[in-house]
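Let me begin by presenting the structure, written as structure tokens, before commenting on it.
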Amino acid sequence: MQRMCIKDRPIHFGSTPITGPADLYPIHSSHNRSDHNQQIIGYKKVDKSKMPPRNLKRGGSGKPKTTEPAAKSAKKELDDSTELVAIECLATGRRTTVRPPGEEKGNKEANSFWLMKSEPESRLENGVDMKFGVEDLKVQHNQTACWDGVRNYQARNFMRDMKVGQLAFFYHSNCKEPGIAAVVKIVKESYVDHTQFDKKDPHYDPRSSKENPKWFMVDVQFVRMMKRFISLAEMKQYHQEHKTKEGPLKNMALFTRARLSVQPLAKEEFDFVLSLEDKKPI
DNA sequence: GCCAACGTTGGC
DNA sequence: GCCAACGTTGGC
């Protein structure tokens, strides 16, 4: 079984209105559940050989280590991120710094682009349809939707780094043809994801509380469809080629951190993908 | 803090 | 449906 949804993705329509600025309207998306208190982040170019994982593991599992801290630490990271991307495991308190692919020191623009995954095909999760493709975004009021349901710390932290006006690719995952379908922009910065408190929501998180919410979301607005769909397969070919010949997609998170539903793109990566629109598909 | 077991992601 | 990759859990 696969489920798709997975952890970090958003989407579905719910029905719950969100509170927020009057000009934005929401919606919902949703996603998964499971993560814990930890966070780590970063991308890195790291070698995955040693990468990661295990160390960044969570720490105390059961005890949310921080009860308030989550928010606070995360915020701290945000501030630090102006320079390097700070990574910290909330659970362990361990901190490391990594620089996003393509980000040069002092180049704050480098990380101002994102890729957000969503499932365009129906798939039930606890009875709720997770479907939310670009077409679904386009029919929302103001063509804007809140990216709720993200339940992965890295993805959540990336959303917290998002700023109004930044662009992101709307990626279709878990479907026949995975790939980039459109360009969207961030229209509301990180705020509490209300679905974590809703017992009926597939992404309900019993470990979270209103006093100390764990999950956040941003609002995105449709900008335009890609001139042509840029498939995962096509990008993968470039990724492979760029790994040997050196090219902009050589460290693309889509391949180096495949399961992350919200991922950063270096400007060169974003621009390269856009340049493919005017080329013939390979 | 380590690490084996387990669960999830998500392309194929 | 399969399964590789990798994140999470939780005992020790």
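Note on naming: letters A, B, ... go to the chains in the order of the sequence lines (proteins, then strands), and numbering restarts at 1 for each one.
Between A:K117 atom NZ and B:dT8 atom P there is a gap of 17 Å when expressed in whole angstrom units. Nucleotide B:dG10 holds its C1' atom 13 Å from the CZ atom of A:F255, rounded to whole Å. Look at CD on A:E177: it is 17 Å from P on B:dG10, rounded to the nearest Å. Rounded to an integer number of Å, the gap from CD of A:Q154 to C1' of B:dT8 is 14 Å. A:R207 places its CZ atom 9 Å from the C1' atom of C:dT9, with the value rounded to the nearest Å. Distance CD (A:E234) to P (B:dG11): 16 Å, rounded to an integer number of Å. Here C:dA4 presents its P atom at 14 Å from NZ of A:K236, a figure rounded to the nearest Å. Here the P atom of nucleotide C:dG1 and the CZ atom of A:R123 are 15 Å apart, to the nearest Å.
Here B:dG11 is the nucleotide among C:dT8, B:dG11, C:dA4 with the atom lying nearest to any side-chain atom of A:L232.
Salt bridge annotation for A:D129-A:R123: absent, with no cationic side-chain nitrogen under 4.0 angstrom from a carboxylate oxygen. Using a cutoff of 4.0 Å between basic side-chain nitrogens and carboxylate oxygens, A:K131 and A:E125 are not scored as salt-bridged.
Note on ring orientation: taking the six-membered ring where Trp is involved, the planes of A:F229 and A:H172 are tilted (angle from 30° to 60°).
In this structure, A:R257 reaches the C:dG7 phosphate: one of its side-chain N or O atoms is under 4.0 Å from OP1 or OP2. The shortest distance between the side-chain N/O atoms of A:Y171 and the OP1/OP2 oxygens of B:dG11 is below 4.0 Å.
With A:Y204 as the aromatic partner, A:K200 does not meet the cation-pi criteria of under 6.0 angstrom to the ring centre and within 45 degrees of the ring axis.
Looking at heavy-atom distances under 4.0 Å, A:A233 makes no contact with the nucleic acid at all.
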